[in-house]
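Just so we're on the same page: letters track the sequence lines, and every chain starts at 1.
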Amino acid sequence: MATLNEKKTCSERMENFRRFVWNPETRLFMGRTLINWVWISLYYLAFYVVMSGLFALSIYSLMRTINPYEPDYQDQLKSPGVTLRPDVYGDRGLRIYYNVSDNKTWEGLVTTLQTFLEAYTPAAQHLNINCTSDTYFIQDTFDGPNKTKLSCKFTSDMLQNCSGITDPTFGFPEGKPCFIIKMNRIIKFFPGNGTAPRVDCTYVGDKPGPLEVDYYPVNGTFNLHYFPYYGKKAQPSYSNPLVAVKFLNITRNVELKIVCKIIGAGITYDNVHDPYEGKVEFKLKIED
Amino acid sequence: MQDDHRLSASQLEEKYGTSINKGLSNARAAEILARDGPNALTPPKATPEIVKFLKQMVGGFSILLWIGAVFSWISFGIQLAQGAESAFDNLYLGVVLALVVILTGIFAYYQEAKSTNIMASFSKMIPQQALVIRDAEKKELPADQLVVGDIVEIKGGDRIPADIRLIFTQGCKVDNSSLTGESEPQSRSCDFTHENPLETKNIAFYSTTCVEGTATGIVINTGDRTIIGRIASLASGVGNEKTPIAIEIEHFVYLVAGVAISIGVLFFIISVSMRYKILDSIIFLIGIIVANVPEGLLATVTVSLSLTAKRMAKKNCLVKNLEAVETLGSTSIICSDKTGTLTQNRMTVAHLWFDNQIYSADTSEDQTTQPFDQSSLSWTALSKIVTLCNRAEFRPGQENVPIMKRVVVGDASETALLKFAEVILGDVMNIRAQNKKVAEIPFNSTNKFQLSIHETDDPNDKRFLLVMKGAPERILERCSTIMINGKEEPLDSEKAEAFQTAYMELGGMGERVLGFCHLYLPEEEFPDTYPFDTDTMNFPTSNLCFVGLLSMIDPPRSTVPDAVSKCRSAGIKVIMVTGDHPITAKAIAKSVGIISATSETVEDIAKRLNIPVEQVNRGEATAAVVNGMELKDMSLQQLDEILCNHSEIVFARTSPQQKLIIVEGCQRQGAVVAVTGDGVNDSPALKKADIGIAMGIAGSDAAKNAADMVLLDDNFASIVTGVEEGRLIFDNLKKTIAYTLTKNIAELCPFLIYIMASIPMPIGTITILFIDLGTDIIPSVALAYEKAESDIMNRRPRNKRKDRLVNEQLAIYSYLQIGIMQSVGAFVTYFAVYAEQGFLPSTLLGVRVDWENNAINDFEDSYGQEWTKYQRTYLQWTGYTAFFVSITIQQVADLIIRKTRRNSIFRQGLFRNKVIWVGIFSQIGIAVILTYGLGHVTALNFTPLRFQYWFVAVPFAILIWVYDEVRKLLIRRYPGSWWDKNMYY
């Protein structure tokens with residue numbers, strides 16, 4: 001079979017390209033006449049305007065079906081995540097290293113805690129009510145102002161020794177640091193099935209002895225009256241309840257691995273894929 | 001060097017232990033065969049398989065994917081050094097990309113090996129045979145079984161099966177061009193004419209061809225020990241030139257690679273200037289490349305081509321070269337042989353003249369009756385002459401074979417007459433037996449008649465019947481009366497005039513005319529015992545009674561006129577090239593429509609206007625009949641002029657060498673030329689043609705070897721079928737590519753939006769690979785099964801320089817219109833998934849950095865809920881799955897719209913191509929398996945998607961369909977409009 005040979009030299013190619021860009025004989029610019037370019041541009045303009053309109057219409061009708069108070073599905077939020085403050089991340093997760101005799105190493109940590117707790121000053125919490133009941137705070141109606149629901153007050157003084165009020169350094173210089181454990185908000189999530197969930201911190205792996213921990217509030221529980229959460233629109237001033245843990249017997253100059261789990265029905269901490277579900281793990285090393 | 005050429009025949013017999021009359025014994029031959037090995041050349045060192053394999057690994061898009069893989073590994077290295085957690089993702093991605101290249105490479109390699117095998121099996125299908133004498137018996141053996149000392153017989157058209165010392169020749173000529181480059185055939189004899197064995201005339205060499213004559217010789221060398229085997233440079237001259245479809249595919253690969261690289265680089269620059277990290281930018285680049293490259297497409301193209309080749313084989317077109325399939329589709333001129341290709345290759349009675357009237361006979365392939373009026377007594381007389389004055393006979397034992405297919409001993413005209421008589425009268429042999437022949441003079445070129453004398457079958461009639469047939473003018477000379485309606489009337493000048501008119505008319509139709517006459521010999525002069533002597537002719541041979549004329553022609557195959565008109569409407573010029581007489585050639589050309597009924601040649605016009613040929617305006621003549629003698633004296637310009645100015649051309653009395661000149665002339669016009677041929681001498685023309693077509697039945701080995709395609713039934717109509725298939729595959733490849741390219745935009749947009757708007761990644765690189773190599777593969781192959789749109793044979797042939805496989809319109813329509821619609825549909829699904837899980841579209845914009853931050857495990861959604869990194873990642877995978885599912889759903893619509901480019905889907909029929917439905921179900925099936933079956937394998941990034949998200953994109957799928965129907969409607973309604981020019985691909 002005879003075949004087609006399309007060998008062209010470089011200069012021929014360049015010439016062809018130039019001819020393609022502007023062909024003076026046929027008055028074609030990039031293969032089209034100018035008026036043709038106008039037409040095609042207008043067509044595409046119209047086409048994309050219509051497509052954008054369709055997209056906008058689709059998103060608009062999607063938004064019409066969305067409930068503003070709570071999402072339709074919570075497929076990924078079966079069990080809450082847990083976070084730690086102060087949160088310094090190393091290569092593999094949380095890693096808090098500091099030197100008691102070098103305040104530069106822990107001042108940042110203390111500032112993190114102070115900044116974090118600013119949302120829990122009485123002034124910041126003044127919109128919230130005092131709750132005393134130890135049961136779920138179920139609100140079927142909108143009792144708050146502007147069609148909102150009420151939220152319970154959580155102030156930093158409830159964290160006592162770890163509140164930063166009595167000890168503004170949160171025990172870091174003494175080598176007995178405070179950490180704050182926060183449980184992620186999930187709408188209409190009822191943790192603990194009637195019993196208040198509590199935080200439990202232990203060593204992971206090598207144990208230099210039993211870990212002595214002080215929990216604030218007492219027993220390290222999240223009081224049930226902070227649950228359930230009704231969402232940002234219903235509870236605009238809601239703030240997560242916190243538990244502070246103070247480690248009392250940390251061996252110096254050793255990297256320790258500590259895990260703080262939240263114990264309570266409905267909260268799982270054994271998801272192999274998610275290290276922050278129902279628990280928070282971190283490395284702690286205090287040098288002197 | 002051997003000195004076999006010096007030895008005498010008896011010395012040779014002694015040397016090789018053979019006998020010229022008896023040949024070798026079978027046992028001895030087997031022994032020698034075991035010693036020397038088969039008579040075949042060791043194939044030239046082929047490209048090592050590993051090199052072929054590696055070529056597949058770097059060809060086409062593979063390079064792009066390798067670049068992607070290397071980038072992945074580089075970023076893995078960098079991230080690993082930085083100790084990042086997600087480093088391994090990039091390692092895996094690189095591995096997956098490499099695997100994709102290797103797997104598609106293996107597939108392509110396998111396909112190539114398979115088609116090589118098909119071709120190898122093809123060459124086995126037409127093995128060279130040699131006529132050998134062994135154990136005093138002539139037999140046909142495969143040529144590779146020959147051994148030294150075998151006696152072989154050769155005739156014109158054969159390839160010489162080994163080096164042979166000739167011991168008997170008769171007008172033998174060989175074509176040594178493959179060995180010496182001399183194009184003139186060399187005569188061969190038994191004489192020792194030169195010291196040099198290469199020069200002497202009594203040796204014929206392996207692989208050359210015997211052009212004419214016959215010869216017998218002793219095999220003196222076999223296999224690699226032959227002269228040609230010793231010439232190391234034999235390695236077959238298969239060039240690396242590219243076929244049209246290969247050029248098209250390359251053009252397409254360049255185009256897509258160009259788009260991929262420019263978009264990739266553009267967005268690399270954009271992302272760097274948007275202060276993304278270089279590493280991230282590289283990862284985006286990989287994503288863009290992967291999204292842009294249709295990984296599965298090249299494999300699909302190969303599969304489609306081989307499917308078509310198989311389909312064509314079923315229709316009697318055997319394709320030797322896969323890509324020839326498409327070349328045939330772009331054919332613009334077919335140079336066809338006449339005999340056997342356009343015609344049935346057998347003489348048949350076409351017309352009769354008796355009682356002053358011309359009757360037409362049925363000339364179709366399977367006639368069983370003849371419709372003309374047979375009531376006249378003249379016909380009875382004529383039929384008797386036809387039956388009796390005929391020496392042809394059926395071979396015995398064919399009673400159950402249809403008359404037209406029976407084997408006859410006799411020449412072509414007599415065969416035609418015999419079959420004609422058998423069809424009308426029934427058992428001819430019986431009639432002859434009843435009319436016993438008493439004397440006969442066979443036809444010879446001096447008499448130009450044939451005569452026989454018979455007893456009659458009427459027992460009361462004791463007269464002898466003398467019957468005669470021959471050249472009409474000679475027969476008429478011998479007649480004094482003529483039979484009209486069964487009565488003898490004197491042959492006056494008026495009747496002679498009528499005869500002349502009829503004779504001219506029949507002759508003018510290119511038919512071979514025979515005259516028939518008879519005479520009842522008077523009983524008193526020629527009694528029972530009369531001794532007829534054919535040498536002295538002691539009986540009257542003049543003053544006979546003229547009965548009628550019969551004319552014969554090799555009639556066109558009944559499928560040919562239709563095929564020719566198909567070619568005509570398909571814009572293909574059919575040129576007849578024949579060695580036959582111009583008048584016959586023109587008549588056949590007219591009857592099959594190569595010269596249409598209304599068009600005239602210069603000579604016709606001259607005759608009509610009664611002016612000399614020179615005065616005719618040549619522009620008025622659309623047809624031309626060119627004689628080989630004229631062609632010889634023509635300059636190239638004159639030939640070009642003829643090819644250019646006349647749409648209907650017949651070349652008559654041409655030699656095979658002239659065929660080559662004609663082919664070259666057509667190619668100078670920029671045509672894609674298909675040439676049919678059967679003879680050895682046709683090989684150069686077959687090779688020169690864009691597509692050479694050899695005849696499967698009549699074709700010589702040399703022709704079959706030179707051709708790209710073999711017509712198993714020698715039928716011109718099969719070429720047209722082939723053209724149709726070739727055009728169809730081109731169209732269908734267009735459709736496949738359009739289908740495949742469309743979703744590239746839906747895969748690419750997510751990356752672009754991700755970079756520009758910093759939303760969570762809508763689709764993952766691995767997921768894209770699952771579309772390209774999973775859901776999309778079977779549907780794109782299914783398009784190869786699509787039936788032709790109605791206009792396929794009403795278009796002009798493709799202009800190979802202008803009509804590209806992937807043209808601007810195709811790319812733009814797929815990329816910028818349907819692709820965009822798909823992207824919008826997929827994004828709506830994506831936003832719906834995120835919104836219903838808590839992230840409203842407004843929240844998603846600009847969220848990328850925090851979203852991907854491993855250190856944020858209380859990421860807040862639109863409702864105030866907090867998410868850990870893994871929870872977000874899982875949602876992101878759900879997004880991938882949703883995007884994937886949406887693309888799949890919309891690809892179903894894309895598949896349906898791609899069934900046609902111009903016609904409405906409803907006209908084409910939704911269910912005519914069942915394979916499309918297999919494609920659709922496989923597509924959805926694979927998506928379901930990936931989503932629900934593998935939804936728990938985290939590495940694949942699929943999650944079990946909520947059922948309703950499968951339907952979000954359905955309105956967009958419908959929109960795609962409707963939009964495309966409107967596009968097609970406007971194209972059909974306003975041909976040639978702006979819309980047609982811009983929207984028809």
Side-chain angles (χ1 to χ4, degrees), chain A residues 1-6 31 36 39-40 43-44 47-48 51-52 54-55 58-59 62-63 65-66 68-77 80-84 87-94 182-187 189 229-233 235-236 238 240 271 273-277 280, chain B residues 82-85 239 241-244 246-247 321 323-324 327 667 673 687-692 708 800 808 816-817 820-821 824 827-828 831-832 835-841 854-855 857-858 860-872 874-875 878 938 946 952 955-956 959 978 982:
Chain A
M1 177 157 54
T3 47
L4 201 60
N5 264 325
E6 278 206 334
N36 206 328
W39 281 117
I40 198 100
Y43 182 79
Y44 275 94
F47 181 82
Y48 289 129
M51 285 320 292
S52 316
L54 278 176
F55 181 70
S58 309
I59 297 297
L62 169 70
M63 295 307 288
T65 67
I66 296 283
Y69 289 98
E70 54 184 293
D72 295 358
Y73 305 113
Q74 295 171 300
D75 294 338
Q76 276 77 58
L77 301 179
V82 177
T83 53
L84 182 78
D87 46 351
V88 179
Y89 281 82
D91 293 337
R92 301 243 181 283
L94 288 159
K182 177 172 81 84
M183 186 164 74
N184 282 352
R185 294 190 292 259
I186 296 177
I187 289 175
F189 178 65
Y229 172 54
Y230 284 106
K232 202 152 93 180
K233 192 170 169 74
Q235 292 180 304
Y238 180 90
N240 302 31
N271 184 343
H273 299 297
D274 191 350
Y276 300 99
E277 186 181 302
V280 59
Chain B
Q82 292 172 348
E85 265 179 74
E241 290 154 328
K242 289 166 191 149
T243 55
I247 290 172
N321 178 344
E323 285 149 352
T327 315
Q667 285 175 333
V673 186
K687 275 214 173 109
K688 180 69 201 171
D690 295 281
I691 180 154
D708 304 296
K800 61 187 170 185
E808 184 192 305
L816 296 186
Q817 297 188 28
I820 294 292
M821 289 187 185
V824 170
F827 265 107
V828 168
F831 281 119
E836 298 198 323
Q837 295 285 354
F839 291 94
L840 301 182
N854 281 319
N857 281 299
D858 48 0
E860 204 176 305
D861 69 13
S862 315
Y863 292 92
Q865 304 185 99
E866 289 166 323
W867 297 63
T868 66
K869 173 73 197 319
Y870 179 77
Q871 285 163 344
R872 296 197 303 271
Y874 195 85
L875 177 59
T878 311
T938 48
R946 279 180 178 271
V952 178
F956 290 90
L959 177 71
W978 177 88
N982 284 287

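- Contact annotation for A:Y43: only side-chain heavy atoms (C-beta onward) come within less than 4.5 Å of a heavy atom of chain B.
- Most heavy-atom pairs under 4.5 Å with chain B: of the set A:L62, A:L54, A:D87, this distinction falls to A:L62.
- Minimum interatomic distance between B:Q865 and B:Q837 (heavy atoms only, all atoms of both residues): NE2-O, 4.5 Å.
- A:F189 does not touch chain B: none of its heavy atoms, backbone or side chain, sits under 4.5 Å away.
- Across B:L816 and A:Y48, no two heavy atoms sit closer than the pair O-OH, 2.8 Å.
- In this structure, chain B has a heavy atom under 4.5 Å from the side chain of A:I59, while its backbone stays farther away.
- Qualifying salt bridge (Lys or Arg N to Asp or Glu O under 4.0 Å) partners for A:K232, counting only residues two or more places apart in sequence or in other chains: B:E860.
- For A:Y276, the parts lying near chain B are the backbone and the side chain together; criterion is any non-hydrogen pair under 4.5 Å.
- Of the listed residues (A:Y229, A:Y238, A:Y89, A:W39), the one with the most heavy-atom contacts under 4.5 Å to chain B is A:Y89.
- When all heavy atoms of A:I66 and B:A835 are compared, the pair lying nearest together is CD1-CB, 3.8 Å.
- Contact of A:P236 with chain B is not made at all, since no heavy-atom distance falls under 4.5 Å.
- Of the listed residues (A:N36, A:V82, A:L84), the greatest number of heavy-atom pairs within a distance under 4.5 Å of chain B belongs to A:N36.
- With rounding to the nearest 0.5 angstrom, the CG atom of A:N271 is 10.0 Å from the OH atom of B:Y874.
- Counting heavy-atom pairs closer than 4.5 Å to chain B, the top-ranked of the candidates A:I186, A:D75, A:N240 is A:D75.
- In terms of heavy-atom pairs under 4.5 angstrom with chain A, the leader among B:N857, B:V952, B:L840 is B:N857.
- Contact of B:D858 with chain A is made through backbone and side chain together, with heavy-atom distances under 4.5 Å.
- Looking at residues two or more places apart in sequence or on another chain, you find a side-chain hydrogen bond (donor to acceptor under 3.5 Å, both in side chains) between B:T868 and A:D274, B:Q871.
- Side-chain N/O atoms of A:Y44 and B:Q817 include a donor and acceptor closer than 3.5 Å.
- Of the listed residues (A:E277, A:H273, A:M51), the one with the most heavy-atom contacts under 4.5 Å to chain B is A:H273.
- With a 4.5 Å cut-off on non-hydrogen atoms, B:S862 touches chain A through its backbone but not through its side chain.
- Using a 4.5 Å cut-off between heavy atoms, A:M183 contacts chain B through its backbone alone, with no side-chain atom that close.
- Between the OH atom in A:Y73 and the CD atom in B:E836 there is a gap of 5.0 Å [rounded to 0.5 Å].
- Nearest heavy atoms, A:R185 versus B:G864: NE-O, 2.6 Å.
- When B:R872, B:M821, B:R946, B:K869 are compared by the number of non-hydrogen pairs under 4.5 Å with chain A, B:R946 comes out ahead.
- Residue with the most contacts toward chain A among B:F827, B:W978, B:F956: B:W978 (heavy-atom pairs, distance under 4.5 Å).
- Atom CZ of A:F55 sits about 4.5 Å away from atom CZ of B:F831, to the nearest 0.5 Å.
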